[in-house]
Amino acid sequence: MLEKNYTPKDFEEKIYTDWENSGDFKPDMRSDKDAFSIVIPPPNVTGVLHMGHALDNTLQDILIRYNRMQGKNVLWQVGTDHAGIATQMVVERNLAKEGISRHDLGREKFVETVWKWKEKSGGTITKQLRRLGASCDWDRERFTMDEGLSRAVRKIFVHLYKDGLIYKAKKLVNWDSKFMTAVSDLEVIQKETLGKMYYYKYPIENNPGEFIHIATTRPETMFGDTAVAVSDKNEKLKHLIGKNCIIPIINRVIPIIADDHADPEKGTGAVKITPAHDFNDFEVGRRHNLPLINILNPDATLNENTPYSGLSTLDARAKTIEELERLGFMEKIEDHPMVIPYGDRSGVIIEPLMTDQWFVDAPVLAKEAIRAVEQGEMEFVPKSYEKTYFEWMRNIQPWCISRQLWWGHQMPIWYGPDETIFCEENEEEAQAVADKHYGKRVELRRETDVLDTWFSSGLWAFSTLGWPDKSEYLEKFYPTSVLVTGFDIIFFWVARMMMMSMYMMKKVPFKKCYIHGLVRDEKGQKMSKSKGNTVDPMETIEKYGADALRFFMAAMETQGRDINLSDARIAGYRNFATKLWNAARFCEMNECKVVKNFDENKVTLGINKWIIAKAKQATQEVTRNLDAYRFSDAANAVYQFAWGAFCDWYIELSKPIFYGEDEAAKAETRAVAAWVLDRILIILHPFMPFITTELWNNLCTERDCKLIHAPWPKNEQIDEAASADIDWAIELISAIRSLRAEMNIPASAKLNIILKDAASCSQANVKALHKLICSLARLEKIECAETGFQITPDMAQQVFKECTILLPLKGVIDFAAERERLNKELDSLNRNIEGYTRKLSNASFVERAPAQVVEEERRRQAEAEEKRAKVEEALARIANF
RNA sequence: GGGUGUGUAGCUCAGGUGGUUAGAGCGCUACGUUGACAUCGUAGAGGUCACAAGUUCGAGUCUUGUCAUACCCACCA
């Protein structure tokens, strides 16, 4: 027996444990069924589940469960990401509480500490994914720093290096002074800030009293200036080109050069050039062979090349300004809105810094990745995202992959005594190659840098399936079927996976890429910890159940749009679950038991034929929409059917049978109700796996299979004609209810209704469905009027299709109100008829619109006119009262 | 500066290829404890589909422009 109340907490965890322990999430490796696979976007091992994960993983689980029920061989490959900077940060923070820095521990000990932390605390998010119902194959859980995945990293690194696609270079890179590492362009975020523009002057060498005026937002960088640039098209300043000027304070002489980087229209027209600390200036410096002067230490304090060694940039700036003012070179300071680069993790200002770093030749790798999408080997859903992808890929810059961190994949690079580079998959090989190279045993030094986290994530689609080993999983499940992820990660991850996979596997990593939006707060604001508007999905699950949260995500997911979280709406889907629970209880109470091998095509009763046709229609709608990744349409189709058709109508229609005497009808209806409820559980399962499983297990104990493996119905014939009479009755009942409500007739009053002008088929319906109509419309009886029946004025009248519903009210009728009601209807009919007539009297419409459309318009016009005549008649009848 | 979305009921949003009287949930109004369910039922009110022009027999849907709004990329001495 089902409990009276729906309490998801009672069974969600129990059901999940059973699935996991029974191996229900595992693919059958001996089967030759079609494969369907998804690799999870690996959450950071430090992560806790947020609403974005809840959305992303709900969508994946819906696809996984749907395809599993479709009979495919399904693998959802799960795992976590070591998240270099993020994890190192968390562990360092923990150490700091004990007053320890990572340097106190040393590299080896520190990495050991991180591993310990990972073993102890790294499983939070995977536990949370289980609460959400994610049906991943946990036995295959991977971690980007696993032995296997690390081997994949080394192998592909060596491959790329030997192909000349990874190289070391001294370049200006984005330097994060908090973590003291290089970061990639993508890890830098630009923030609007109100800064200051400083105008000051450099004296011209050997020309006392002559100056060149410059403007900068960062005066402290002047100690790294190696030129001042002026455009040779700048009439006012070009006479200075070729002369030298003197940097104040340090009195270093630098040339004034001609370069179009200096826009005559901007600033003062003259630009100080600091090649070691500005990406544009770096290019200018290269063009003119200017020396590079580095003025910063790795922690972004000024170095000994400046007078303010040891000061932070901001303190040095203050000093510089003070000194320029004291010496009389400062001219003015203005407020200046500007954009400043910050590290996305560290939050500190990113400094361009000259360092030795390692790069992947992304422009070369991008070529194949672009081609694969151009030729449709991988498709974005929605398609419009391929524009974003192409735009970025076609303008891609070399990817800086080296990080001066301790937590991550140490690069498989060894240096010989003369700095010769040996790149091999492991130390033994490197040693062997080096020994051979030098002709003797040499001491090697390993590169200390680790790789950007996204390097290993880029291999995720094949490294998790076993590459570089020969693996039956790789054989069966690669390329994966679809990747589901947010648009914010297209560049970080999708693009890199495409590049790495096309390079190494010569095949796309996934055939489709479904991109969804962001989960925002109730007001549409981006959720963030700093704003304090985040909602913890675990609390939502606790409050409403995982099914309600999942259904919310599915129902709100429409392509190309963000989702605003709505507590009321999630509560609404919890109510939907409650409704379903109670419908199941109704079935249970009326002994609706699943009949094995029940042939739903052999039912005889109208309502049963009707609900079976509707159930099949709903199934097809869900199928069609899931196949097209239209999650909200699919979810709404189940919702409408379960609540709108099954609960609102079928259960009500079945009551006269269950409370009646016809045992044969009862037996059939019991079987059908059970069949339909079963059908609802099947098509709802991908969205609400917990409640559907709980009901499935309760309503029948002798199942052929678990719901999670229940076959998804396909290729069903729908007998639409068979249900026309019930559709008619439903419309009639609605019309009568509407009339009752408008006449303010109490629900308890049992009425007698007369149906005038009923066509023979309507008469037949009234006769056949008499009991049912009376029960649902709360009537004593309904009968069809004989020909020549006279309507008396004390009858309320409602035109319904070809007939008129007559409701005798024995003198209590309010004629004024009745006239108003009928006139309102007349107005609306007139408006419609006017529209039809206008269209049909338009010669070109009749001529050019398809015959079908014109015909349909004619039919509507005729129908409305017939109805209008009846309403007019009705009005005439009460005209004198 | 380049690009991409969005603008439909009080609120949050659906409306693949143009064709009934533009839909849903929440909220609102009235009635209701009818033998699954008040986490409910029945009925109802509520919309110039941002604006303008165009294409078309016909535009919420297609084109162009305007306004509003959100985001992405690049740059800003």
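Every chain is numbered from 1 and lettered A, B, ... according to where its sequence line falls, protein lines coming before strand lines.
- Computed from coordinates, the A/Phe586 CZ to B/G41 P distance equals 15 Å when rounded to whole Å.
- Backbone-only contact: A/Arg585 has heavy atoms under 4.0 Å from sugar-phosphate atoms and none from a base.
- Using C1' as the reference atom, B/C13 and B/U8 are 9 Å apart when rounded to the nearest Å.
- B/G35: no Watson-Crick or G-U partner with both key distances under 3.5 Å is found in any strand.
- The CD1-C1' distance, from A/Ile563 to B/A14, rounds to 13 Å in whole Å.
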Practice prompt. Just do the side-chain hydrogen bond (donor to acceptor under 3.5 Å, both in side chains) check on A/Glu621 and A/Asn625 with the steps written out, would you?
Written response: CA-CA 6 Å; A/Glu621 226 175 305; A/Asn625 286 309; 4.8 Å; no
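- Of the candidate nucleotides B/G19, B/A36, B/C72, B/C72 has the atom lying nearest to any side-chain atom of A/Phe491.
- Taking 4.5 Å as the limit, every side-chain heavy atom of A/Phe800 sits out of range of all side-chain heavy atoms of A/Ser738.
- Of all nucleotides present, none satisfies the Watson-Crick or G-U wobble test against B/A9 with each distance under 3.5 Å.
- Backbone-only contact: A/Ser738 has heavy atoms under 4.0 Å from sugar-phosphate atoms and none from a base.
- Here A/Tyr659 packs flat against the base of B/G35; its ring centre is closer than 5.5 angstrom to the base's six-membered ring, tilted by less than 30 degrees.
- Rounded to whole Å, atom C1' of B/G5 lies 11 Å from atom CZ of A/Arg520.
- Positionally, the nearest nucleotide of RNA chain B for A/Cys647 lies more toward the 5' end than for the other of A/Asn280 and A/Cys647.
- One can place CG of A/Asp281 at 13 Å from P of B/C75, the figure rounded to the nearest angstrom.
- Contact between the side-chain N/O atoms of A/Asn636 and the OP1/OP2 oxygens of B/G25 is not found at any separation under 4.0 Å.
- Here A/Thr558 lies in heavy-atom contact (under 4.0 Å) with sugar-phosphate atoms only.
- OP1 or OP2 of B/U21 sits under 4.0 Å from a side-chain N or O of A/Tyr836.
- A/Asp648 comes within 4.0 angstrom of the backbone, heavy atoms only, and of no base.
- As a whole-Å value, the separation of A/Asn842 CG from B/U56 P is 13 Å.
- Set against B/G19, B/C13, B/U21, the side chain of A/Ala849 has B/G19 as its closest nucleotide.
- With C1' as the reference atom, B/G18 and B/U55 are 12 Å apart, rounded to whole Å.
- Comparing the P positions of B/G23 and B/U48 gives an interatomic distance of 15 Å, to the nearest angstrom.
- Looking at heavy atoms from C-beta onward, A/Tyr573 lies out of side-chain contact with A/Asp547 at the 4.5 angstrom threshold.
- Between A/Lys543 and A/Asp567 there is a salt bridge, since a side-chain N of the basic residue sits under 4.0 Å from a carboxylate O of the acidic one.
- Heavy atoms of A/Pro746 sit nowhere under 4.0 angstrom from any nucleic acid atom.
- Residue A/Lys655 places at least one side-chain N or O closer than 4.0 Å to OP1 or OP2 of B/A36.
- Between A/Glu351 and A/Arg218 there is a salt bridge, with a side-chain nitrogen of the basic residue lying less than 4.0 Å from a carboxylate oxygen of the acidic one.
- A close approach under 4.0 Å does occur between a side-chain nitrogen or oxygen of A/Asn575 and OP1 or OP2 of B/C40.
- The 5' end of RNA chain B is approached more closely, in terms of each residue's nearest nucleotide, by A/Ala741 than by the other of A/Leu186 and A/Ala741.
- For the pair A/Trp643 and B/G41, the criterion of a side-chain N or O lying under 4.0 Å from OP1 or OP2 is met.
- Between the CG atom of A/Leu840 and the C1' atom of B/U20 there is a distance of 13 Å, rounded to whole Å.
- Closest to the side chain of A/Ser844, from the set B/C13, B/C57, B/U39, is B/C57.
- Residue A/Gly560 is classed as a sugar-phosphate contact, given heavy-atom separations below 4.0 Å to backbone atoms only.
- For A/Lys526, counting side-chain heavy atoms from C-beta on, the closest listed nucleotide (B/A43, B/G19, B/C72) is B/C72.
- Across all strands shown, A/Glu652 has heavy atoms under 4.0 Å from base atoms, whether or not it also approaches the sugar-phosphate.
- Using C1' as the reference atom, B/A59 and B/G54 are 11 Å apart when rounded to the nearest Å.
- For B/G60, there is no paired nucleotide, since no Watson-Crick or G-U wobble pair has both relevant distances below 3.5 Å.
- Going from atom CD of A/Gln798 over to atom C1' of B/A43 covers 13 Å, rounded to whole Å.
- Base engagement by A/Ile651 is indicated by at least one non-hydrogen atom pair under 4.0 Å involving a base atom.
- Among the protein residues, A/Cys587 comes within range of no part of the nucleic acid, since none of its heavy atoms lies under 4.0 Å from any strand.
- Heavy atoms of A/Ala555 sit nowhere under 4.0 angstrom from any nucleic acid atom.
- Side-chain atoms of A/Glu557 and A/His516 include no donor-acceptor pair closer than 3.5 Å.
- A donor-acceptor pair is defined here as one N or O able to donate and one able to accept, closer than 3.5 Å; no such pair exists between the side chain of A/Arg860 and the backbone of A/Asn832.
- Across all strands shown, A/Arg737 has heavy atoms under 4.0 Å from sugar-phosphate atoms exclusively, and none from any base.
- Base pairing analysis places B/G65 opposite B/C51; the two distances defining the Watson-Crick or G-U wobble pair are each below 3.5 Å.
- One donor-acceptor pair, N or O on each side, does fall under 3.5 Å between the base of B/U34 and the side chain of A/Arg778.
- Contact annotation: A/Arg561 side-chain N/O to B/G7 OP1/OP2 distance is under 4.0 Å.
- Within 4.0 Å of A/Met338, counting heavy atoms only, lies no atom of the nucleic acid at all.
- For the pair A/Thr320 and A/Phe223, the minimum side-chain heavy-atom distance is below 4.5 Å.
- Ionic pairing of A/Arg317 and A/Glu220 is present here: one or more N-O contacts between side-chain nitrogen and carboxylate oxygen are shorter than 4.0 angstrom.
- Looking at the side chain of A/Arg624, the nearest of the listed nucleotides B/A36, B/G16, B/C76 is B/G16.
- A/Lys387 comes within contact range of the sugar-phosphate backbone alone, with a heavy-atom separation under 4.0 Å but no base atom that close.
- Protein atom CD1 of A/Ile515 is 14 Å distant from nucleotide atom P of B/G5, rounded to whole Å.
- Heavy atoms of A/Arg838 sit nowhere under 4.0 angstrom from any nucleic acid atom.
- The shortest distance between the side-chain N/O atoms of A/Lys523 and the OP1/OP2 oxygens of B/C11 is not below 4.0 Å.
- Using modelled atom types, one side-chain atom of A/Lys666 and one backbone atom of A/Gly660 make a donor-acceptor pair closer than 3.5 Å.
- Look at B/A70: its Watson-Crick or wobble partner, with both distances under 3.5 angstrom, is B/U4.
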